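Single-structure report; data block below.
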2 protein chains.
Amino acid sequence: MTTSTLSRTEAVGPKTNSARSINRDTLLNAALALLGPHRSISTLSLREVAREAGIAPNSFYRHFRDTDELAVALIDSAGAALRHIFTEARRNIRPGDSVTRMSVEIFMAQLEAEDQLLPLLLREGTVGSSGFKQAVERQLQYFENEIHEEMVRLENLKGNQLEDARIAARAITRLVFTMGATALDQELSDRPLLVEQTAKMVRMIIRGAQSLAILADE
Amino acid sequence: MTTSTLSRTEAVGPKTNSARSINRDTLLNAALALLGPHRSISTLSLREVAREAGIAPNSFYRHFRDTDELAVALIDSAGAALRHIFTEARRNIRPGDSVTRMSVEIFMAQLEAEDQLLPLLLREGTVGSSGFKQAVERQLQYFENEIHEEMVRLENLKGNQLEDARIAARAITRLVFTMGATALDQELSDRPLLVEQTAKMVRMIIRGAQSLAILADE
DNA sequence: CAACTGTCTATACAGTTGTATATTTGTAGT
DNA sequence: ACTACAAATATACAACTGTATAGACAGTTG
């Protein structure tokens, strides 16, 4: 799952290494295991990851220049996996269901998923090296694009116009991610309420965007 | 400025210490100086702060249990100072001005303020100890409350009803803070555009909230 | 003055970190 | 089977961390 974006190198694998070969993915998984649900990537040390992966500290350099490069790879990987989950899940939505609520629910469900990929993306937006922050930003923009497309598509069906759909999509992305991050630090029992609130927020934005568009038409 | 919330202890000051006395504030300022515009609190070490403040490492313990306690104090202090700035600035808005746009502009202006208090609050929401994250959350809720009050007040004037004003206020707070954090990592020249976008997002939320309220009434 | 107070410092220690260097190991090619 | 080579390791080092311990200093009390 998490390996999909990183298989570039292993396809060219020069040696048919022994079964216990060490790739970038081994290290990524080790890092993921260390992170758990609350710890931040920036606190990972090179030695710690190497230890977890069962290799010597220096072997780390064969795969990543430093922990920062690993962090970026982790973000890219998590983002790709998540987007896959989302597009897959959205394909199965039956017509008539509330798309926004459905999406928010899928989103929040991922908070508790075993792989802990979403928390990764939620937590790490604002700290770290600039390269790292750019990686997170990139992933957010992918989501933003998908939401944008979805909005345009739906509104075309309804024959309405959406002014600044781009901005609305941006607002929705950021808002949902922020609320998700908030949810991470709260009790599990509070989450349904948060899902409800977040869905309502999203509806506010969509309706507000429509309303502003109508005004602009007159 | 940043000392307002922390003057508890110094008022009871037991000794008339020599002129170069070391308070919590001295350490807070040292930490602030080290942080600069991009560095995260969590990377501060006890020794580093002590060095910057010009005291021995162990003296740190006289004022804070650990760097985490200092971080919480820093957040509380920054939040209080910022809220003061905002309420002050909002008092001077002339009737007829767009409150939301005005507020967003004030907000974004604080991004470049010398004290760097806002960036502090924007950056540190999602990482760190749970105590620290709660401190940030607390500050966000203060802002949320103020926006809520403002919304209720304005909508009373217009005779409209606001459904879920609370949720709308929450959405606005989180969204503006997130967009602010995004702005921090972008070129200065891009910021006016971001201000525009963010203001529009806020207007979407407000209008969406109104629109949903009207629907609920029928 | 002497004793006591709280504040700050100096020294020290064990642990961890990133990385430079040299060495071993396992596999492929001829 | 022997060499060549890449991958992984072992050892080492200087820097830094948080903190334990003990001592120096100034100000307030008796």
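Quantities reported herein were computed from a predicted structural model and do not represent experimental measurements. Chain A is the first sequence line, chain B the second, and so forth, proteins listed ahead of strands; every chain is numbered from 1.
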Whole-Å distance, B/R47 CZ to D/dA20 C1', equals 12 Å
Protein-nucleotide distance (A/E48, atom CD; C/dT19, atom P), rounded to Å: 15 Å
Determine which nucleotide pairs with C/dT7, using a 3.5 Å limit on both distances of a Watson-Crick or G-U wobble pair. D/dA24
Which listed nucleotide (C/dG18, C/dA20, D/dT19) is nearest to the side chain of B/Y61? D/dT19
I'd like to check B/L32 versus B/L74 (side-chain heavy atoms, cut-off strictly below 4.5 Å). Are they in contact? yes
Parallel under 30°, tilted from 30 to 60°, perpendicular over 60°: which one fits the rings of B/F177 and B/F143? perpendicular
d(CG, A/L34; P, C/dT17) in whole Å: 11 Å
Winner on side-chain proximity to B/R51, out of C/dT9, C/dG18, D/dT17, is D/dT17
Please report the distance, rounded to the nearest Å, between CG in B/D68 and P in D/dG18. 12 Å
Starting at atom CG of A/D66, determine the distance to atom C1' of C/dG18, rounded to an integer number of angstrom. 10 Å
Report yes or no: does A/D164 contribute a side-chain atom to a donor-acceptor pair with the main-chain N or O of A/R166 at less than 3.5 Å? no
Describe the nucleic acid contact of A/R65 in one word from base, sugar-phosphate, nothing, applying a heavy-atom distance below 4.0 Å. nothing
For the side chain of A/S45, starting at C-beta, report the closest nucleotide among C/dG18, C/dT19, D/dA20. C/dG18
A/N58 CG to D/dA8 C1', in whole Å, measures 10 Å
If I take atom CD1 in residue B/I55 and atom C1' in nucleotide D/dA24, what distance separates them, rounded to the nearest angstrom? 17 Å
If only side-chain N and O atoms of B/H63 are considered, is one of them under 4.0 Å from the OP1 or OP2 phosphate oxygen of C/dC8? yes
What is the separation between atom CD on B/E52 and atom P on D/dC16, rounded to the nearest whole Å? 15 Å
Under a 4.0 Å threshold between the charged nitrogen and the carboxylate oxygen, would B/E105 count as salt-bridged to B/R101? yes
Evaluate the side-chain proximity of B/M179 to B/Q197: yes if any heavy-atom separation is below 4.5 Å, no if none is. yes
Answer with base, sugar-phosphate or nothing: what part of the nucleic acid does A/S59 contact at a heavy-atom distance below 4.0 Å? base
